[in-house]
There are 2 protein chains.
Amino acid sequence: MSIDIYVCWTVERRSTKGRLDMRVTKAQAEQNRAHIVATASRLFRERGYDGVGVAELMAAAGFTHGGFYKHFRSKADLMAEASASGLSQTVARAQGLDPAEFVERYVSREHRDGRSDGCTIAALGGDAARQPADIRTEFAAGIENLLTALQSQGDTPGDADQRAARMMVIDMLAHSVGAIMLSRACPDGSPLADEILDVCRKEILASLAQVNSDQLAASSPET
Amino acid sequence: MSIDIYVCWTVERRSTKGRLDMRVTKAQAEQNRAHIVATASRLFRERGYDGVGVAELMAAAGFTHGGFYKHFRSKADLMAEASASGLSQTVARAQGLDPAEFVERYVSREHRDGRSDGCTIAALGGDAARQPADIRTEFAAGIENLLTALQSQGDTPGDADQRAARMMVIDMLAHSVGAIMLSRACPDGSPLADEILDVCRKEILASLAQVNSDQLAASSPET
DNA sequence: GCAATACGATGACGATCGTAATCTAAAAAG
DNA sequence: CTTTTTAGATTACGATCGTCATCGTATTGC
């Protein structure tokens with residue numbers, strides 16, 4: 001997943017150092033741009049929007065800071081794009097998972113401890129709330145996409161109460177996000193951090209199971 | 001609530017401008033320090049730890065930035081103190097509320113739209129995860145205090161399964177925090193933002209009611 | 001092939017960042 | 001009363017911030 005196929009020809013290029021300045025194919029440039037966005041998405045998740053500067057970001061992608069504004073109109077623009085990229089990655093990973101499977105992976109120590117490769121909502125949701133409208137719009141779209149992805153795999157095949165399924169998924173997502181964020185706010189080896197995760201995973205799965213059994217009961221006419 | 005009794009003698013003082021530099025009572029200094037912490041707690045909640053500089057912070061409190069290091073060893077120190085202050089405010093407000101009352105106030109539009117006066121966990125939890133250990137320790141302590149405050153008012157009077165009550169409160173808190181953060185990440189007038197809040201409030205209250213009825217059923221010996 | 005284009009490097013800009021030294025005068029200590 | 005202490009203002013440090021101007025060159029459009 002998220003293989004990051006980007007071959008580091010740029011490093012080679014920069015190793016030639018001094019004066020061998022060479023221009024780059026249109027396709028290469030596009031690829032470079034995508035690589036910058038991917039790098040930004042990772043770095044922002046790790047240290048927050050304000051925690052990474054343009055220069056450091058470009059350096060991490062294998063470039064100098066000068067070329068930045070050939071690709072993006074501002075840092076805020078990149079923030080929006082990197083957010084969208086990260087969010088769609090989360091959506092892609094949720095595809096084909098039923099809610100219980102999603103929760104099992106989402107509310108886990110591995111996810112909590114892997115900020116840079118984890119869910120953008122959990123990593124940057126708190127920061128996004130303070131950002132301009134276009135970034136929050138990306139978040140809303142990402143959340144909406146995640147909802148439909150999770151709903152499509154739900155156990156409600158198809159009838160009028162897809163509304164109930166949507167409600168269930170919204171609630172489950174908020175619950176899972178809250179569990180991760182609360183756990184991450186605690187010190188690293190903290191017992192409370194693990195307790196929060198374990199308790200919430202159990203409770204969320206239980207409430208999913210209960211919804212399913214309610215549905216079963218509703219579908220059988222008697223008792 | 002949180003009346004901010006701090007009388008603005010400092011403004012008067014600063015209006016005297018130029019050369020009337022006067023020293024301040026030990027009690028005044030202590031009061032000033034507390035005021036700086038309170039101002040920082042509010043500003044940090046509004047704009048994040050990285051979103052407010054020392055100079056702006058001191059100016060907001062009515063001082064120049066020079067005196068800062070007479071009160072705090074570093075900005076990180078103030079961040080820890082401001083966090084602790086904000087967290088204990090949240091705990092104080094939760095005192096005497098049963099879980100349902102807490103949820104009703106917490107998972108609300110008023111709370112979501114009032115970042116600077118709202119819960120520190122919801123406002124800075126995402127940022128805290130990226131901060132040094134001492135700040136996360138403050139958060140863990142604050143969360144623990146909030147848990148006991150909410151548990152003390154729960155409907156479980158006192159027996160061996162206080163563990164169940166604790167689990168319930170942990171789960172409810174993570175759920176509520178997630179709802180607020182998710183809603184805040186959406187654009188200002190967004191329907192999704194309100195939908196998340198409404199759905200989650202309803203579901204959290206429902207699950208609280210169910211826990212209560214389960215308890216009732218368990219306490220009565222037959223059926 | 002020639003001219004125009006544009007990616008990326010280099011360097012610099014004003015502003016702001018966290019931190020610190022210096023100074024002043026009144027409160028605290030004696 | 002004299003001395004010491006210290007809260008807070010002023011000023012300044014070096015680093016970093018986001019942004020931009022300049023330039024060179026290889027790619028692109030003709």
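We name chains A, B, ... by the order of the sequence lines, and we start the count at 1 in each one.
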Enquirer: Counting side-chain heavy atoms from C-beta on, which of dT19(C), dA9(D), dA9(C) comes nearest to Lys70(B)?
Expert: dA9(D)

Enquirer: What I want to check is whether an N or O donor and acceptor connect the side chain of His71(B) with the base of dG8(D) at under 3.5 Å.
Expert: no

Enquirer: Hey, does Gly66(B) reach any base, or is it just sugar-phosphate, or nothing, if we go heavy atoms under 4.0 Å?
Expert: base

Enquirer: Is there a side-chain polar atom (N or O) of Tyr69(B) under 4.0 Å from OP1 or OP2 of dT19(C)?
Expert: yes

Enquirer: Quick one: Glu30(A) CD to dT28(D) C1', roughly how many Å, whole number?
Expert: 15 Å

Enquirer: Please give, in whole Å, the distance from dC17(D) C1' to Glu56(A) CD?
Expert: 12 Å

Enquirer: Can you tell me if Glu144(A) has over 12 outside heavy atoms packed within less than 6.0 Å of its CD?
Expert: yes

Enquirer: How many Å lie between CG on Asp50(B) and P on dT16(D), as a whole number?
Expert: 15 Å

Enquirer: Measuring only between side-chain heavy atoms, which start at C-beta, is Leu87(A) closer than 4.5 Å to Leu146(A)?
Expert: no

Enquirer: Rounded to the nearest Å, what distance is computed from the CD1 atom of residue Ile36(A) to the P atom of nucleotide dC7(C)?
Expert: 11 Å

Enquirer: Expressed as a whole number of angstroms, how long is the span from Met58(B):CE to dT10(D):P?
Expert: 12 Å

Enquirer: When rounded to the nearest 0.5 angstrom, what distance separates OG in Ser41(A) from CE in Met79(A)?
Expert: 12.5 Å

Enquirer: Please state whether the base of dT16(C) and the side chain of His65(B) form at least one donor-acceptor pair under 3.5 Å?
Expert: no

Enquirer: Without decimals, in angstroms, what is the distance between Asn32(A) CG and dG8(C) C1'?
Expert: 9 Å

Enquirer: Between Val103(B) and Glu203(B), is a side chain to side chain contact (heavy atoms under 4.5 Å, CB included) present by the stated rule, with each step listed?
Expert: CA-CA 10 Å; Val103(B) 169; Glu203(B) 295 290 338; over 6 Å; no

Enquirer: Starting at OG of Ser190(B), measure out to CZ of Arg184(B) and round the result to the nearest 0.5 Å.
Expert: 15.0 Å

Enquirer: Rounded off to whole Å, could you give me the CG-to-P distance for the Leu78(A) and dT19(D) pair?
Expert: 11 Å

Enquirer: Taking 4.0 Å as the cut-off, does a side-chain nitrogen or oxygen of Lys75(A) come that near to OP1 or OP2 on dG18(D)?
Expert: yes

Enquirer: dA9(D) P sits how many Å from Gln28(B) CD, rounded?
Expert: 13 Å

